[in-house]
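Sequential numbering from 1 along the given sequence is applied to the chain's residues.
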Amino acid sequence: MKLRFPLAQTTSALQYPRAMALLEVRNLTKRWRSDRLALDDVSFELRQGEILGLLGHNGAGKSTVLGITLGMVRPDGGEVRVNGHSVQQSRAQALSSIGAIYEAAHFYDYLTGWQNLRVLCSLSGWWDEAEARRILKLVNLGERADHKTKTYSHGMRQRLALAQALLPLPKCLLLDEPTDGLDPEGIREFREFVLKLRSDFGMTILINSHLLAEVEQMCDRCVILKQGRKMYEGPVPSQEKKQGVFLLATRDLPKASEVIARAGAMLDPVTSLIELPPHIAGHELLRQLVEAGVRVDSWQPHRPTLEEFYLGMTGK
């Protein structure tokens with residue numbers, strides 16, 4: 001029998017560019033001390049069926065946003081709405097749509113994985129043994145469910161935390177540094193599982209992570225915070241098809257610079273990136289370079305990485 005998620009169909013934010021906002025962060029302000037704003041009027045949305053990356057340096061406000069979203073931190077201003085319900089005004093209704101891994105997962109080491117799951121689920125007053133068994137199988141813990149968690153590896157603990165977050169069948173999943181401490185194999189396994197949750201079950205997911213390469217591979221959009229302020233909200237830059245930027249490798253840079261300038265293009269002498277004007281195509285400028293006798297070692301369209309974009313945005 002298939003796992004029965006509320007959105008049990010294949011959906012994707014890429015298929016529905018203006019999908020309904022399942023989670024809305026509205027003008028959040030939080031001051032931990034009188035001299036420091038942790039969040040300064042931060043707003044963004046998580047659309048139904050998408051995977052959103054929340055990025056920022058340590059102290060940027062990411063965990064504060066998640067804490068407020070889960071009702072564990074009270075904002076000084078603004079609110080978070082989940083599925084139309086305000087966390088600050090109707091916490092129980094809002095959080096009934098959310099599953100989360102927040103900060104480090106902790107379990108009772110003297111209990112089995114199954115017993116831990118049952119105890120933790122009982123705190124919300126929900127328990128369905130059949131669904132719990134299905135989810136443990138889904139996260140590849142079915143064969144180890146009856147083993148004590150003190151015997152679990154870090155990766156297995158993360159999978160048990162995922163099982164806990166997926167009960168009782170949320171519409172939205174919040175993951176706070178979910179791959180922290182995992183080895184490369186564990187990171188890949190976790191990434192594939194997150195993508196499966198979205199593709200197979202239509203899960204909407206917010207990921208707070210320092211691993212830009214993982215965000216680049218998993219997320220449709222990202223939000224970048226810096227010192228409590230939102231610096232960017234939009235598509236993951238490396239996924240955008242930006243036209244008119246090429247990377248040139250040549251040993252004749254002075255001669256190439258002259259040709260590029262005559263064509264009205266702009267050359268960055270440090271990175272060798274060329275930004276073309278609207279009236280000229282890449283192959284046309286390449287032809288002009290070759291005809292001028294420039295030795296072109298390579299010429300390729302350039303797509304900025306998330307790391308380049310992030311470091312440029314945060315000034316790191």
Side-chain angles (χ1 to χ4, degrees), residues 7 9-28 39-57 60-66 68-70 78 80-84 97-101 165 170-179 187 190-226 228-243 245 303-314 316:
L7 299 176
Q9 69 271 353
T10 300
T11 60
S12 168
L14 299 179
Q15 293 173 281
Y16 304 99
R18 293 306 306 171
M20 179 189 73
L22 186 59
L23 186 149
E24 301 167 88
V25 173
R26 298 181 174 180
N27 308 108
L28 286 187
L39 294 174
D40 187 0
D41 196 32
V42 171
S43 298
F44 64 87
E45 64 181 26
L46 174 62
R47 302 169 190 163
Q48 182 173 301
E50 82 171 344
I51 303 177
L52 178 74
L54 184 60
L55 308 176
H57 58 277
K62 306 185 303 298
S63 293
T64 304
V65 169
L66 294 187
I68 292 174
T69 299
L70 294 171
V80 175
R81 299 185 70 85
V82 182
N83 206 24
S97 300
I98 286 182
I101 298 178
K171 295 180 179 179
C172 180
L173 190 61
L174 307 184
L175 303 176
D176 185 20
E177 299 288 353
T179 56
I187 291 174
F190 199 95
R191 178 178 69 242
E192 291 173 349
F193 182 73
V194 167
L195 292 172
K196 179 180 176 65
L197 286 176
R198 198 269 295 278
S199 65
D200 290 4
F201 305 115
M203 186 72 71
T204 302
I205 303 169
L206 174 64
I207 299 175
N208 165 17
S209 178
H210 286 297
L211 300 180
L212 300 182
E214 289 305 306
V215 170
E216 204 163 27
Q217 294 183 69
M218 284 190 287
C219 298
D220 309 307
R221 296 191 308 122
C222 65
V223 171
I224 297 177
L225 301 181
K226 179 181 180 181
R229 293 185 177 182
K230 185 180 77 174
M231 306 298 293
Y232 174 80
E233 177 183 1
V236 175
S238 59
Q239 296 178 3
E240 290 190 289
K241 295 181 179 179
K242 188 175 181 181
Q243 303 295 327
V245 179
R303 180 176 293 183
T305 66
L306 178 56
E307 181 180 58
E308 291 172 342
F309 184 83
Y310 173 81
L311 294 178
M313 184 66 63
T314 59
K316 293 290 184 178

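Not counting sequence neighbours, Phe190 has no partner by the ring pair (Phe, Tyr, Trp, His ring centres under 6.0 Å) test. Residues passing the salt bridge (charged side-chain N to carboxylate O under 4.0 Å, His left out) test with Lys62: none are found, sequence neighbours excluded. Partners of Glu192 under the salt bridge (charged side-chain N to carboxylate O under 4.0 Å, His left out) rule, at least two apart in sequence or in another chain, do not exist in this structure. For Arg26, the salt bridge (charged side-chain N to carboxylate O under 4.0 Å, His left out) partners at least two apart in sequence or on another chain are Glu24, Glu79. With sequence neighbours excluded, the residues satisfying salt bridge (charged side-chain N to carboxylate O under 4.0 Å, His left out) with Glu214 are Arg191. Among residues two or more places apart in sequence or in another chain, the side-chain hydrogen bond (donor to acceptor under 3.5 Å, both in side chains) test is passed with Asp176 by Asn208.
In plain terms, the two heavy atoms of Val82 and Ser97 that are nearest each other are CG1-CB, 4.0 Å. Across all non-hydrogen atoms, the minimal contact from Ala165 to Ile101 is CB-CG1, 4.2 Å. Pairing each heavy atom of Ala100 with each of Leu173, the nearest pair is N-CD1, 4.3 Å. Residue Cys219 comes nearest to Gly53 through the heavy atom pair SG-N, 3.5 Å, listed as atom of the first residue, atom of the second, then distance. Residues Phe44 and Lys230 come closest through the heavy atom pair CB-CD, 4.5 Å. Considering every non-hydrogen atom in both Ser209 and Leu55, the closest pair reads O-CD2, 3.4 Å.
Side-chain contact between Glu216 and Leu212 is absent, with no heavy atoms from C-beta onward closer than 4.5 Å. Between Glu233 and Glu45 the shortest side-chain heavy-atom distance falls below 4.5 Å. Contact check for Leu46 versus Cys172: side-chain heavy atoms found under the 4.5 Å cut-off. Side-chain contact between Ile51 and Leu195 is present, with at least one heavy-atom pair separated by less than 4.5 Å. At least one side-chain heavy atom of Leu206 sits less than 4.5 Å from a side-chain heavy atom of Leu174. Considering only heavy atoms from C-beta on, Thr204 stays 4.5 Å or farther from Leu23 through its side chain. Proximity of Val223 to Val42: side-chain heavy atoms (C-beta onward) are nowhere separated by under 4.5 Å. Looking only at side-chain heavy atoms (C-beta outward), Ile98 and Pro170 stay at 4.5 Å or farther from each other.
Using a distance-only test at 3.5 Å, with no hydrogens or angles considered, a donor-acceptor pair links the side chain of Arg198 to the main chain of Gly49.
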Task: Working for side chain to side chain contact (heavy atoms under 4.5 Å, CB included), residues Met231 and Tyr310 - done: CA-CA 10 Å; Met231 306 298 293; Tyr310 173 81; over 6 Å; no

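Here Met218 contributes atom CE and Thr179 contributes atom OG1; the two are 6.5 Å apart, rounded to the nearest 0.5 Å. Summarising the geometry, atom CG belonging to Leu197 is positioned 5.0 Å from atom CD1 belonging to Ile205; distances are rounded to the nearest 0.5 Å. Taking CD of Gln48 as the start and CG of Leu22 as the end, the distance is 6.0 Å to the nearest 0.5 Å. The CG atom of Leu66 sits 9.5 Å away from atom CG of Leu175, with the distance rounded to the nearest 0.5 Å. Here the CE atom belonging to Met203 is positioned 11.5 Å from the NZ atom belonging to Lys171, to the nearest 0.5 angstrom.
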